There are 2 protein chains.
Amino acid sequence: MPTINDVARAAGVSPSTVSYVLSGRRPISAETRARVQAAIAELGFHPHAGARALASSKTNVLALVAPLRVDVNVPVIMQFATAVVTAARSYNHDVLLLTKDEGTAGLERVAHSTMVDALILMDIERDDVRLPAIRTLKQPSVLIGLPADHAGVACVDLDFEAAAALALKHLAEHGHQRIGLVGPSPAVYRRQTTYADRFLAGFLQTSNELGLRTVTHPCEPGAEGVRAALADLDTELPGLTALVVHNEEALRPLLDLLHAAGRRVPEDVSVVAICPRDVATAMPVNLTSIDIPAHDVGTIAVETAMRLLDNRPIDYTRLLEPSLVERASCREISPSHR
Amino acid sequence: MPTINDVARAAGVSPSTVSYVLSGRRPISAETRARVQAAIAELGFHPHAGARALASSKTNVLALVAPLRVDVNVPVIMQFATAVVTAARSYNHDVLLLTKDEGTAGLERVAHSTMVDALILMDIERDDVRLPAIRTLKQPSVLIGLPADHAGVACVDLDFEAAAALALKHLAEHGHQRIGLVGPSPAVYRRQTTYADRFLAGFLQTSNELGLRTVTHPCEPGAEGVRAALADLDTELPGLTALVVHNEEALRPLLDLLHAAGRRVPEDVSVVAICPRDVATAMPVNLTSIDIPAHDVGTIAVETAMRLLDNRPIDYTRLLEPSLVERASCREISPSHR
DNA sequence: GCGTTTTGTCGAAGCGCTTCGACAACTGCC
DNA sequence: GGCAGTTGTCGAAGCGCTTCGACAAAACGC
């Protein structure tokens, strides 16, 4: 493996000149630059990442902390990860993958040992225990989510409150008055994962503002959980005409269940889903949905990290506006039915 | 951020002694060790990863190259990743996540710049273009998959040939003679992804050996693709009594389709799936299946990498024996129906 | 009780890079 | 034509760690 000294010798310059060719931090004449680049190419020189990190105190590596338990919403996690890695590469950075179960210790490990320049965390909880820790790190963090106390911490996410409002408004405009929410699993609420909380808060508030009759229910994974949730919704709000589903996993069993019960979508019950676009369109009924823009969120998270790293100004709280795409799962309720 | 020198000063020893306490490479008296460890704890010392890598030429980082296009079998990819990260951590290593689309260049980049000690690659193709590249790297690689020319390269995977044989034998023992294979998407075959090839090869060979009437078909993703594949199988092999499904995505639409057509599982058609256990049990019919042991494969891949790193002997080709779990999707065919 | 190991510690070199200060050679300007 | 500024390059220091050789002190063998 050739070193910068080998390159310097081959090009007949000093090692520092090679370094400046590489970094562009000082002017180098065209001829010298050409000679150096030729030597680099010929020798197949790649700077040693560790040496570089040691000398410059920059690693060009981002930590991505993902919930790798094989849990719900695996595809969404994957979309985030893909977006983050791709975006990071476009800034000439790499991504170190950590699991959430390492908790605070994991963050501190990679931060203190200077393995990464910045951290991106997913699956943030309302009072996330990692928050105090990341505030003490010398590396900046970007959260995908919005914890209760997010002062001074960069956060990026879909605006789930607005998403809930949007879903309800859409249904209300179509004449629906009695609407149920099928939420994430109780475990997600128990952890107070911020997207669940925020969606629920938006749902309740908008329901109130619009004077709707609504009822909300978490939903255990699996067909049985969906059955139970639906039964509860039906008894608590008889004659409901629409469902908002904020639970990717529940979507399929729910549609099956409605079908089996002879309740047609959208004729008998309208459905608005909050899920990735491709999930919405892969269902037996093409679902009207609000997209979870995992790709955008991941990309923006990386971009935010980069701005933080070079002290450019950022929006500390970046909530992406939801957009609802009409497909085939909502119908207009005629006034006589209201 | 304290350095090893700070620790040494605080403990009243030389930096090298601190280093030896950390690495255990030389005997250190109990008292000295205690003093050093106290100083480390008090100062919150963490060795600088870059400095360490530079001095020792070991990074304690593994590269994991995953197909991050949001493609088929996302959950399986995720399971591999989880297993790899977890296993790596248990060996005190971290994981750098690369995407397959960076191709050979990505591997060479991280290897040449000494960012990683070893590489683990997923989604291997029959004549994978990355193979020549990894042979030239100074870091060892472990493949999850089995390319055509795998001499001298460590490979770990489920034994897909044996899996196909096992599925067919199971069905044959239950009296099935006319059996269709619903394979992965044409794109997977086109890439000659090794698991698809190997499964198909095993299927054809065992079919032959057992004298079965079989027909095989790739299957485009989506309900339409499944419909087409099933139609083809039905016309090419009228009266088939069983399906082997080596396509996680197709499973659900396939069952829906059969149901819609009034073909009951297992009464009218038996099904053996090759998929993760939890997918098999999440279907409307509990499926008899051969598990894809992603967790084991990932763990073994890491373990193999570790052995390679400290020059311990390994099995260069490690094909895990498949195991079939009987659930509710296969029935015995009575002799009169044979 | 004297050589011989073993044990425990230190100092120094060096890993491969970046960066700072120095400086020579130009360039431009009145 | 002399002074300031710019351009292009170099040498050396230093980033924080590991590791090697050296060596004193203790333990061992006969």
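All values below were derived from every heavy atom in this structure, side-chain atoms included, with hydrogens, water molecules and symmetry-related copies excluded. Computed from a prediction, not measured in an experiment: that's the story for all the values here. Chain letters run A, B, ... following the sequence lines, proteins first, then strands; residues in each count from 1.
Within a 6.0 Å sphere centred on CZ of Arg25(A), other residues, nucleotides and ligands contribute 12 heavy atoms or fewer.
Side-chain proximity of Pro27(B) to the nucleotides dG8(C), dG16(C), dC20(C) is greatest for dG8(C). Out of dC17(C), dC17(D), dG8(C), the shortest distance to the side chain of Ala51(B) is found at dC17(D).
On a pure distance criterion of 3.5 Å, no polar donor-acceptor pair joins the side chain of Thr32(B) and the base of dG8(C). Between the base of dC20(D) and the side chain of Tyr20(B) there is a donor-acceptor pair shorter than 3.5 Å.
The residue Ser19(B) sits close to a base: some heavy atom pair falls under 4.0 Å.
Within the 4.0 Å cut-off from OP1 or OP2 of dT9(C), at least one side-chain nitrogen or oxygen of Ser29(B) is found. Contact check, Arg25(A) against dT19(C): a side-chain N or O comes under 4.0 Å of OP1 or OP2. Between Thr17(B) and dC10(C) there is a side-chain N or O to OP1 or OP2 distance below 4.0 Å. For the pair Ser14(B) and dC10(C), the criterion of a side-chain N or O lying under 4.0 Å from OP1 or OP2 is met. Of the side-chain N and O atoms in Arg52(A), one or more sit less than 4.0 angstrom from OP1 or OP2 of dT18(C).
If you take CD1 of Ile4(A) and C1' of dA13(D), they are 15 Å apart, rounded to a whole angstrom. Following rounding to the nearest Å, Leu54(A) (CG) and dC15(D) (C1') show an atom-to-atom distance of 4 Å. Rounded to whole Å, the distance from CD1 on Ile40(A) to P on dC17(C) is 10 Å.
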